[in-house]
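Everything below concerns the one structure shown next.
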Amino acid sequence: MFILVNLKAYPCDPIEVATAAREVSEESGVRIAVSPQAADIARVAETGVETWAQHVDPNGHGSHTGSTLAEAVAEAGAEGTLINHSEKRLKLADIDGSVRAAERAGLETCVCANNPAQIGAAAALGPDSVAVEPPELIGGDVSVATADPDIVEDAVEAAESVDENVEVFCGAGISSGDDVEAAGDLGATGILLASGVAKADDPRAALEDLVEPL
Ligand code: G3P
């Protein structure tokens, strides 16, 4: 199971979370990555934790003011990137372009989507993984695996019908080891979560709880 902690734009200390994630990953053997703000990628990567960007744009080098360049986040130390997160939606052509840009830069790719139909479309673009996150459950207290288990199973089926090698992650409302275990039982091989760690009083304890059943 892969656990990706998305720090969004939360006012947490990215170094505290990254250090805790690296230590819990080393102690448990569970793969844990942290996805901070683009401006924090280099110092988060310096902690030794696997570091992901929250977004990259489709463009390469050139006249693209304000863009998040895949090559730049890779140079800063990112190993992967989210694309088309629910809070950073892109047009289909731009999702495709961002996947290609990330691949050129050597980044692992995870394309997010709202539902199984979109998961099928996302899988057709050839990312390394897709992630289903029902927007209405994001930031809430109820895990997607509990509130809407069918959406996870249907997403796994939709992705496999397009590309049996694509990994399927899920996210929204996940905050405990029981939630992670339930998601795994539904066929997810990775978890995206944010508030359960980024807003926790003790991020390390939250991470330890997440990996406890694994
Ligand atoms: O990228 C993960 C995120 O959208 C889920 O957020 O706060 O429900 O864990 P949260």
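As a basis for the values below, the full set of heavy atoms in this structure was taken, side chains included, without hydrogen atoms, waters or symmetry mates. Each ligand, and each atom within it, is numbered from 1 in the order the structure gives.
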Polar-atom distance check: [X] versus ligand 1, any N or O pair below 3.5 Å?
{"X": "Ile174", "answer": "no"}
{"X": "His85", "answer": "yes"}
{"X": "Ala194", "answer": "yes"}

Just wondering, do Thr51 and Val34 contact through their side chains at under 4.5 Å, heavy atoms?
no

With a 4.0 Å cut-off, would you call Arg31 and Glu108 a salt bridge?
yes

Any Lys/Arg nitrogen of Glu103 or Arg100 sitting under 4.0 Å from an Asp/Glu carboxylate oxygen of the other?
yes

For Ala206, does its backbone N or O pair with a side-chain atom of Asp209 as donor and acceptor, under 3.5 Å?
no

Surrounding CG of Asp150 (heavy atoms of other residues, nucleotides or ligands, distance under 6.0 Å), is the total greater than 12?
yes

Out of Glu133, Lys199, Gln54, Glu87, whose heavy atom is nearest to atom 2 (C) of ligand 1?
Glu133

Would [X] count as a contact residue for ligand 1, given that I'm defining contact as a non-hydrogen atom of the residue lying under 4.0 Å from a ligand atom?
{"X": "Gly196", "answer": "no"}
{"X": "Ala172", "answer": "yes"}
{"X": "Gly173", "answer": "yes"}

